[in-house]
There are 2 protein chains.
Amino acid sequence: MGKRITSQDVADLAGVSRTTVSFVLNNEQRFSIRPETAEKVRAAAKQLGYYPNASARALASNQTKTIGLIISRAPQYIASDPFLPQILGGLMEVLKQNRQGLLVEWVEPGQQLETYLELTRAHHIDGMILMTPRLDDPGIKELEETEIPVVLMGYIPGSSLHSVDVDNLAAAETAVNHLIELGHSRIACITNAALPYTSASQRLEGYKSALKKANLDYDENLVWEADFDMQSGYHVTKELLASGREFTAIFVASDNVALGVYSALREAGLKIPDDVSIVGFDDIPLASFISPTLSTVALSGHDISVESYNLLTRLMRGEVPESLSVTLPTHLITRQSSREIGRRAT
Amino acid sequence: MGKRITSQDVADLAGVSRTTVSFVLNNEQRFSIRPETAEKVRAAAKQLGYYPNASARALASNQTKTIGLIISRAPQYIASDPFLPQILGGLMEVLKQNRQGLLVEWVEPGQQLETYLELTRAHHIDGMILMTPRLDDPGIKELEETEIPVVLMGYIPGSSLHSVDVDNLAAAETAVNHLIELGHSRIACITNAALPYTSASQRLEGYKSALKKANLDYDENLVWEADFDMQSGYHVTKELLASGREFTAIFVASDNVALGVYSALREAGLKIPDDVSIVGFDDIPLASFISPTLSTVALSGHDISVESYNLLTRLMRGEVPESLSVTLPTHLITRQSSREIGRRAT
DNA sequence: GAAAGTAACTAACGCGCGTTAATCAAGAGG
DNA sequence: CCTCTTGATTAACGCGCGTTAGTTACTTTC
């Protein structure tokens, strides 16, 4: 158990005071340090292999240099989310550049309050990003009143918290419109998640809006709720098929769920896009690798992460961004899974 | 900026000393506290909404109650890893039960040393789990000498660090053997990653071993290295096809990579399993949803996480586990992608 | 009834660092 | 020669908590 090296050790070796060591290593400009003294300190620190203790530093400076990513979902759903790595990857990339750490937490519906309070009051983190928030999250209100900077990845209407999101409604509308332009009029909708998740309800709104603008009837029997994963997509599609309702296309608000839809349709002997056209959402890497390749709404998890981090950084600096929310672009990518109604393979 | 609530505030309100507050809230059994006093303290804490400051606590107790998950890979590879969420999900589940936090970091080859030192010496975390370690990681040696508990998710031969892994070699051997039993003798191998990653080299060894036991020639022109993602699987398969070498089956050491292989074969007009049989590795959720469903070696990311955490916990408690490494079971799942050689669809 | 406990609690130190106010040397100005 | 700056450095306090070594008050023991 080698004795831990403190800044006092560095100070002793360099023949200066601990204060000087602190000034040098933190590049404190307000106090002038003679270059050769600074060099002596740096050499001593290097020689001893000194690394400032994170806890002590956090305690003294009131900054943990760590931000939190909070996922509003249970682990079993997290485990099969192909989009999470993109978010995580993007975030970790910018964080490392800025020498900050990332604490990952999840909260299950019903326990949000306690988790948020613990995280913020205990000051484990300097700021937090809340992923896939739920409309019915009672903790949101609590967070609005806390001092800690918060960025929502996803939009909560009426919340005073800053947020980063894509325009889910418009994007979904575009996707459904694409199907309408291909001549489809009986278009089913399978959501990406339960409706308390804002992205789910917004995408559903976009679906409705597109139908309305095209003067197509909205049939609630064609709308089904999936639950993040492929299994749910599979089961919901089975039910849709069993319901006997006719449809020639499905807007699936999540590529991941769409994979389950593919599987169920295949099992039912239906061909994509010959019998059913599909448009997904997210453009996960897989979308261009499966057969048939999946038409989908592309959005960049990487950009969402970076923008969230940028916004959070400004909040942590105490700045007040002019606008409450950042909306990122999406674009429709048409691939093989969507085709004009009635046309057979060429 | 409401004043932060400290244990002193709780003590004042309860009419006791700060020490008593600490004893009560930490359930310190060594000192006897009168039940009604304890109750008074708890009531005061609740009333004030007191949460002990994490940094102060860490500094005083020398425990951060946080463990680190270190991923030896660059963010762009992390972003498309379908296996990461499983690991993360499992880990987060057990961590929450034990009221511990999770700090996620990545290191890129070449910078491991600095990152490990910083993380351990700065005492950001109580212990760490190192995911997908590389044989050529110079930091491993450093970690062996550090005091902080470390668990490798993946095996490094000759290392004195504890590890949790599946028996990659045996599992790969089983997979290849399955192909051999189906009558295949020209079996290509596409690795899951570059060979410095131990899982990649071990799976390749399993492939070689299976061939050897079956007295089949090892042809290094049939072995290609992929790089975690689908793109690499796609490109490598293209090259394999372009090389003109004959083969009737491919062992792909990663389901994710196999998806790229699927795509390339499809593009070349080859049918799976009619023309080429495929066996993958990992059993990602998608494996049973794509067409044809993918035969693969199943392993549980969840279990790997849980076992890693359990092992790490014991190390953090100062225990010395009898064995250096934990090996978890795998099992081959045969689905549609592998079939007897020469047989056409039924 | 003094010595020896025992239960219940507290004063005070230390964890390692950031930071303010103070100190000291050295030169500038008169 | 003495004051006044300026530049370079340090003593000392505080961050909020865990924890040891007490200190009380209240029994028990012979």
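Reminder, nothing fancy here: chain letters follow the sequence lines and each chain counts from 1. For clarity, every value in this text was computed on a predicted model and none was experimentally measured.
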ask   = Do you know which two heavy atoms are closest between P133(A) and I140(A), and how far apart they sit?
value = CB-CD1, 4.4 Å

ask   = Just how far, in rounded Å, is P of dC17(D) from CG of N53(B)?
value = 6 Å

note = Under a 4.0 Å heavy-atom cutoff, the residues of residues 14-24 of chain B touching DNA chain C are V16(B), S17(B), R18(B), T19(B), T20(B), F23(B)

query = S17(B) and T20(B): side-chain hydrogen bond (donor to acceptor under 3.5 Å, both in side chains), yes or no, with the steps?
reply = CA-CA 5 Å; S17(B) 78; T20(B) 305; 3.3 Å; yes

ask   = Can you find a side chain N or O atom of T37(A) that sits less than 4.0 Å from OP1 or OP2 on dT9(D)?
value = yes

request  = Any chance you could measure Q47(B), atom CD, to D9(B), atom CG, to the nearest 0.5 Å?
outcome  = 11.5 Å

message = Rounding to an integer number of Å, can you tell me how far E39(A) CD sits from dA8(D) P?
response = 16 Å

Donor-acceptor pairs under 3.5 Å, side chain of residues 105-119 of chain B to any protein atom, not counting sequence neighbours: which ones?
residue	atom	partner	partner atom	Å
W106(B)	NE1	M92(A)	O	3.0
Q112(B)	OE1	G110(B)	N	2.9
E114(B)	OE1	Y51(A)	OH	3.4
E114(B)	OE2	Y51(A)	OH	3.2
T115(B)	OG1	Q111(B)	O	3.1
Y116(B)	OH	D137(B)	OD2	2.7

message = It should be established whether S32(B) places a side-chain nitrogen or oxygen under 4.0 Å from OP1 or OP2 of nucleotide dA8(C).
response = yes

ask   = OP1, OP2 of dG16(C) versus side-chain N and O of S7(A): anything below 4.0 Å?
value = no

ask   = Going by atom types only, do S159(B) and E144(B) share a side-chain donor-acceptor pair under 3.5 Å?
value = yes

query = Could you state the CZ-C1' distance from R121(A) to dG16(D), rounded to the nearest angstrom?
reply = 16 Å

note = Y51(A) OH to dG16(C) C1', in whole Å, measures 18 Å

request  = Return the value, rounded to whole Å, for the distance between atom CG of D9(A) and atom P of dC15(C).
outcome  = 11 Å

key: Where P85(A) and P85(B) come nearest, the two heavy atoms and their spacing   = CG-CG, 3.7 Å

request  = Please name the pair of heavy atoms, one in T6(A) and one in Y50(A), separated by the smallest distance, quoted to 0.1 Å.
outcome  = C-CE1, 3.5 Å

ask   = Given that R57(A) and P35(B) both sit by DNA chain C, which one's nearest nucleotide is further toward the 5' end?
value = P35(B)

request  = Would you mind telling me which residue lines up with the more 5' stretch of DNA chain D, S61(B) or R34(A), judged by nearest nucleotide?
outcome  = R34(A)

query = Between dC17(C), dT9(D), dG16(D), which nucleotide gets closest to the side-chain atoms of I33(A)?
reply = dT9(D)

query = Tell me: CG of N62(A) to C1' of dG16(C), nearest whole Å?
reply = 16 Å

task = Tell me whether the OP1 or OP2 atom of dG18(C) has a side-chain N or O from N26(A) closer than 4.0 Å.
result = yes

query = Would you say dC17(D) has OP1 or OP2 under 4.0 Å from some side-chain N or O of Y50(B)?
reply = yes

ask   = What is the distance, rounded to the nearest whole Å, between atom CG of L25(B) and atom P of dG16(D)?
value = 16 Å

message = If I take atom CD in residue Q29(A) and atom P in nucleotide dG7(D), what distance separates them, rounded to the nearest angstrom?
response = 15 Å

